[in-house]
Amino acid sequence: MQTHYLSEANSILNHFLGQIRNVNVQHDSMRFRRNIERIGEVMAYELSKNLHYRNIEIQTPLGIKKTTEIEDKLVLCSILRAGLPLHLGFLNYFDNAENGFVSAYRHHPNNDEFFDILVEYQAVPNIENKTLLLIDPMLATGQSMVAVFNKLMEKGLPKEIHIAVIIAAPEGIAYLEKHLPDSCHLWVATLDEKLNDKKYIVPGIGDAGDLAYGNKL
Ligand SMILES: O=P(O)(O)OC[C@H]1O[C@H](OP(=O)(O)OP(=O)(O)O)[C@H](O)[C@@H]1O
Ligand SMILES: O=c1cc[nH]c(=O)[nH]1
Ligand SMILES: [Mg+2]
């Protein structure tokens, strides 16, 4: 797996990341969602440098300009719920992409700390031979990402796979390295320190889904 870290150089990306972490700012859920969306836009731009392009000619009012356009058939696929605002950011830039949505959640069968991942809802287009972007803001244990990846692979084999996350824990990256093909690209806006005993990312942001959409039962 080739991992790309996006916040090592100074850029406006770090402002958005700072705001989604900051306890004095992140409780404003409209700003939180918009910041996640803005991060998605920055990530889409960075990821676009790694796509394939074909030469084209554009007719302007005064002449013809040779340029390039994206050749890949993109499918954006997000993991519900927290993937939604990040998906929107990617879609703002990759506006011709097809779109898929898959649910995944931590299921605690014995009401203790043990959980498995349940993948239930899926609305996904044909991904065969296309460029799949699998989108989720948080990569904690990596189990949700791998569970969704395995479900998607039952539907077809993409030509290329890019996984885009905002905050990753080292444990999640190691899990993906173990369970996903070497050919996958992983795009990480920022790498954090570790997981806590509830498998939340530290320092992280807390629960991304709840911050975006409110507490659930
Ligand atoms: O790497 P993992 O340990 O699997 O954790 C990461 C998952 O946790 C979050 O979703 P969550 O389960 O909180 O669902 P939500 O988006 O509905 O809040 C996040 O958006 C990932 O999908
Ligand atoms: O830190 C974490 C881990 C899983 N899900 C989240 O939303 N945050
Ligand atoms: Mg959540």
Side-chain angles (χ1 to χ4, degrees), residues 1-51 76-94 104 106 117 132-146 148-149 161-180 184-213:
M1 191 170 69
Q2 195 178 336
T3 304
H4 311 259
Y5 296 100
L6 300 180
S7 61
E8 282 168 352
N10 284 326
S11 81
I12 188 75
L13 175 61
N14 285 338
H15 288 233
F16 305 150
L17 290 169
Q19 289 193 12
I20 63 168
R21 291 185 189 277
N22 187 331
V23 289
N24 296 316
V25 181
Q26 61 166 199
H27 58 79
D28 175 351
S29 62
M30 186 167 75
R31 175 166 283 270
F32 181 83
R33 290 191 303 273
R34 180 64 189 120
N35 277 324
I36 296 273
E37 185 183 344
R38 296 200 287 187
I39 292 167
E41 291 170 353
V42 172
M43 293 185 77
Y45 172 71
E46 293 295 338
L47 195 155
S48 75
K49 298 174 188 170
N50 211 272
L51 297 175
L76 311 182
C77 185
S78 297
I79 304 179
L80 301 173
R81 290 174 296 171
L84 283 175
L86 189 60
H87 187 109
L88 190 54
F90 274 86
L91 189 57
N92 287 345
Y93 280 18
F94 299 134
R106 292 178 173 186
I117 305 295
L132 175 67
L133 273 58
L134 196 42
I135 295 165
D136 192 323
M138 309 302 282
L139 183 71
T141 64
Q143 291 178 56
S144 302
M145 189 59 81
V146 169
V148 169
F149 178 90
I161 299 166
H162 296 268
I163 292 169
V165 303
I166 297 180
I167 302 184
E171 294 90 331
I173 296 181
Y175 193 78
L176 262 48
E177 273 167 353
K178 193 164 164 204
H179 290 94
L180 299 188
C184 285
H185 288 259
L186 172 64
W187 298 82
V188 176
T190 178
L191 175 66
D192 273 13
E193 200 183 315
K194 59 180 182 189
L195 297 180
N196 68 10
D197 54 1
K198 291 204 163 82
K199 307 296 181 200
Y200 271 74
I201 300 173
V202 179
I205 55 174
D207 191 300
D210 288 359
L211 285 161
Y213 298 113

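We use all heavy atoms of the structure for the numbers below, so side chains are in, but hydrogens, waters and symmetry mates are not.
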Can you tell me how far the [atom1] atom of [X] sits from the [atom2] atom of [Y], to the nearest 0.5 Å?
{"X": "I135", "Y": "I36", "atom1": "CD1", "atom2": "CD1", "answer": "12.0 Å"}
{"X": "M1", "Y": "L186", "atom1": "CE", "atom2": "CG", "answer": "4.5 Å"}
{"X": "M43", "Y": "L133", "atom1": "CE", "atom2": "CG", "answer": "9.5 Å"}
{"X": "N35", "Y": "L211", "atom1": "CG", "atom2": "CG", "answer": "11.5 Å"}
{"X": "C77", "Y": "I161", "atom1": "SG", "atom2": "CD1", "answer": "11.0 Å"}
{"X": "L51", "Y": "F94", "atom1": "CG", "atom2": "CZ", "answer": "5.0 Å"}

I'd like to check [X] versus [Y] (side-chain heavy atoms, cut-off strictly below 4.5 Å). Are they in contact?
{"X": "L134", "Y": "M145", "value": "yes"}
{"X": "F16", "Y": "I166", "value": "no"}
{"X": "W187", "Y": "I163", "value": "no"}
{"X": "F32", "Y": "P85", "value": "no"}
{"X": "L88", "Y": "L84", "value": "no"}
{"X": "L139", "Y": "I167", "value": "no"}
{"X": "M138", "Y": "V165", "value": "no"}

Looking only at non-hydrogen atoms, find the nearest pair between [X] and [Y] and report the distance.
{"X": "A104", "Y": "I79", "value": "CB-CG2, 3.7 Å"}
{"X": "C184", "Y": "F149", "value": "SG-CE1, 4.2 Å"}
{"X": "R81", "Y": "Y213", "value": "O-CE1, 3.7 Å"}
{"X": "L191", "Y": "A168", "value": "CD1-O, 3.5 Å"}
{"X": "A44", "Y": "Y93", "value": "CB-CB, 3.9 Å"}
{"X": "A208", "Y": "A82", "value": "CB-CB, 3.8 Å"}

Side chain to side chain contact (heavy atoms under 4.5 Å, CB included) between I117 and T141, worked out: CA-CA 11 Å; I117 305 295; T141 64; 5.6 Å; no

With a cut-off of 3.5 Å and sequence neighbours excluded, list every side-chain donor-acceptor pair involving residues 170-177.
unit_1	atom_1	unit_2	atom_2	d
E171	OE2	L195	N	3.2

State which residues pass side-chain hydrogen bond (donor to acceptor under 3.5 Å, both in side chains) with S144; sequence neighbours excluded, sorted by chain then number.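 Scan of S144 (side-chain hydrogen bond (donor to acceptor under 3.5 Å, both in side chains), adjacent residues dropped) gives none.
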
Pairs in or reaching into residues 187-196: which pass salt bridge (Lys or Arg N to Asp or Glu O under 4.0 Å), with residues at least two apart or in two chains? R21-D192

Scan for salt bridge (Lys or Arg N to Asp or Glu O under 4.0 Å) pairs involving residues 24-44, sequence neighbours excluded, and state none if there are none.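 Listed by first then second residue: R34-E37, R34-E41.
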
Check salt bridge (Lys or Arg N to Asp or Glu O under 4.0 Å) between K49 and all other residues, then give those that pass, not counting sequence neighbours. E46

Enumerate, atom names and distances included, each donor-acceptor pair closer than 3.5 Å involving a side-chain atom of residues 2-10, sequence neighbours excluded.
unit_1	atom_1	unit_2	atom_2	d
H4	NE2	H185	ND1	2.8
S7	OG	A189	O	2.6

N92 and H87: side chain to side chain contact (heavy atoms under 4.5 Å, CB included), yes or no, with the steps? CA-CA 9 Å; N92 287 345; H87 187 109; over 6 Å; no

Working for side chain to side chain contact (heavy atoms under 4.5 Å, CB included), residues L17 and I39: CA-CA 8 Å; L17 290 169; I39 292 167; 3.8 Å; yes

